[in-house]
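Sequential numbering from 1 along the given sequence is applied to the chain's residues.
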Amino acid sequence: MYKRYFQSKKNLCLFVILFLVLLLCASTVSAYAYTTNSVSQKVDISYKVYGGIGQSNGKKNGVYHKLKKGTAYLHVSSTNGNSKVPMTVYLYRDRTGPDKDCGHVRVKKATRYSFTVDSNSSKYYIVATGGQYETMNLKGKINNSK
């Protein structure tokens, strides 16, 4: 069936050109998605602490964030972490091999914290540890905007 259609070089050339144009359009849309302003992504962390040990792991929970290269900001709107025993929040990028550590912050109060992000990716995740309460909580958003 295809052999008969492509017997003409003109038809083959038109098909190749159409395919390349569609491929170019698809890559342009993908590039545009990464260059537009980032949308705030909700962060809602809650975990139990037993004997001073507790953790929430975004990778294990399947919660990822899309961030652009540069600085990412964690805007904490509420937390029960405090100056005596703060919650430690780590940002990682999932990748082949060991995951990329993008830094950590000690969350003592509701404010803005920053991380250095090394590439555009939708595979960033948060790990939160520590605390002294039975249940640790943090609510906020993460994005590339101050």
Side-chain angles (χ1 to χ4, degrees), residues 2 5-6 10-146:
Y2 295 114
Y5 182 76
F6 292 127
K10 181 179 178 184
N11 287 346
L12 180 60
C13 287
L14 287 174
F15 176 77
V16 170
I17 290 171
L18 180 62
F19 179 76
L20 291 174
V21 167
L22 288 174
L23 187 65
L24 179 65
C25 289
S27 64
T28 303
V29 170
S30 298
Y32 177 75
Y34 265 116
T35 58
T36 57
N37 290 334
S38 64
V39 176
S40 295
Q41 298 163 77
K42 182 179 173 183
V43 175
D44 190 353
I45 297 170
S46 181
Y47 60 92
K48 300 279 187 192
V49 177
Y50 301 99
I53 300 170
Q55 182 184 76
S56 173
N57 186 317
K59 184 176 182 177
K60 289 181 182 175
N61 297 331
V63 179
Y64 291 92
H65 304 281
K66 182 178 181 179
L67 298 169
K68 295 187 300 182
K69 183 177 181 177
T71 303
Y73 297 95
L74 174 63
H75 304 268
V76 178
S77 57
S78 68
T79 183
N80 61 350
N82 62 44
S83 58
K84 264 189 159 178
V85 185
M87 178 187 297
T88 304
V89 176
Y90 300 85
L91 182 67
Y92 292 97
R93 180 172 50 84
D94 192 8
R95 65 179 182 182
T96 303
D99 292 348
K100 172 68 177 167
D101 182 352
C102 300
H104 68 278
V105 294
R106 297 182 56 89
V107 177
K108 300 175 181 179
K109 61 182 181 176
T111 189
R112 184 183 74 200
Y113 301 90
S114 64
F115 299 92
T116 301
V117 176
D118 69 336
S119 69
N120 295 343
S121 177
S122 59
K123 288 294 196 172
Y124 287 95
Y125 66 93
I126 293 173
V127 174
T129 64
Q132 69 181 15
Y133 300 105
E134 188 174 299
T135 302
M136 293 300 294
N137 298 297
L138 181 146
K139 292 187 185 299
K141 61 185 180 177
I142 189 166
N143 59 31
N144 290 103
S145 304
K146 285 186 179 183

Self-check item: CA sep, side-chain torsions, deciding dist, call: Tyr64, Lys59, side chain to side chain contact (heavy atoms under 4.5 Å, CB included)
Solution: CA-CA 7 Å; Tyr64 291 92; Lys59 184 176 182 177; 3.3 Å; yes
Quiz item: How close do Phe115 and Gly103 get, heavy atom to heavy atom, and via which atoms?
Solution: CE2-O, 3.6 Å
Exercise. Starting at NZ of Lys141, measure out to NZ of Lys139 and round the result to the nearest 0.5 Å.
Key: 15.0 Å
Quiz item: Where is the tightest heavy-atom contact between Arg93 and Ser119, given as atom of each residue plus distance?
Solution: NE-OG, 3.3 Å
Quiz item: What's the verdict on side chain to side chain contact (heavy atoms under 4.5 Å, CB included) for Tyr90 and Gln55, showing C-alpha distance, side-chain angles and the deciding distance?
Solution: CA-CA 11 Å; Tyr90 300 85; Gln55 182 184 76; over 6 Å; no
Exercise. Could you tell me the separation between the OG1 atom of Thr111 and the NE2 atom of His75, rounded to the nearest 0.5 Å?
Key: 10.0 Å
Practice problem: Apply side-chain hydrogen bond (donor to acceptor under 3.5 Å, both in side chains) to Thr135 and Lys48, showing your working. | Solution: CA-CA 4 Å; Thr135 302; Lys48 300 279 187 192; 3.3 Å; yes
Exercise. For the residue pair Tyr125 and Tyr92, categorise the inter-ring angle as parallel (less than 30°), tilted (30 to 60°) or perpendicular (more than 60°).
Key: parallel
Quiz item: Quick one: are Val89 and Tyr113 in side-chain contact, heavy atoms under 4.5 Å?
Solution: no
Quiz prompt | OG1-CE distance between Thr79 and Met136, expressed to the nearest 0.5 angstrom | solution = 5.5 Å
Self-check item: Backbone N/O of Ser46 and side chain of Asn137: donor-acceptor pair under 3.5 Å
Solution: no
Practice problem: State, with a plain yes or no, whether a side-chain heavy atom of Gln41 is found less than 4.5 Å away from one of Leu67. | Solution: yes
Quiz item: Closest heavy-atom contact between Gly130 and Tyr47?
Solution: O-OH, 2.6 Å
Quiz item: How many angstroms lie between CD1 in Ile142 and OH in Tyr73, if you round to the nearest 0.5 Å?
Solution: 11.5 Å
Self-check item: For the student: nearest non-hydrogen atoms of Ser78 and Ala110, plus distance
Solution: N-CB, 4.1 Å
Self-check item: His104 NE2 to Thr129 OG1 distance, which is reported to the nearest 0.5 Å
Solution: 9.0 Å
Self-check item: Stepwise side chain to side chain contact (heavy atoms under 4.5 Å, CB included) test for His65 and Leu91
Solution: CA-CA 10 Å; His65 304 281; Leu91 182 67; 5.6 Å; no
Quiz item: In Å and rounded to the nearest 0.5 Å, what is the CG to OG1 distance from Asn143 to Thr71?
Solution: 11.5 Å
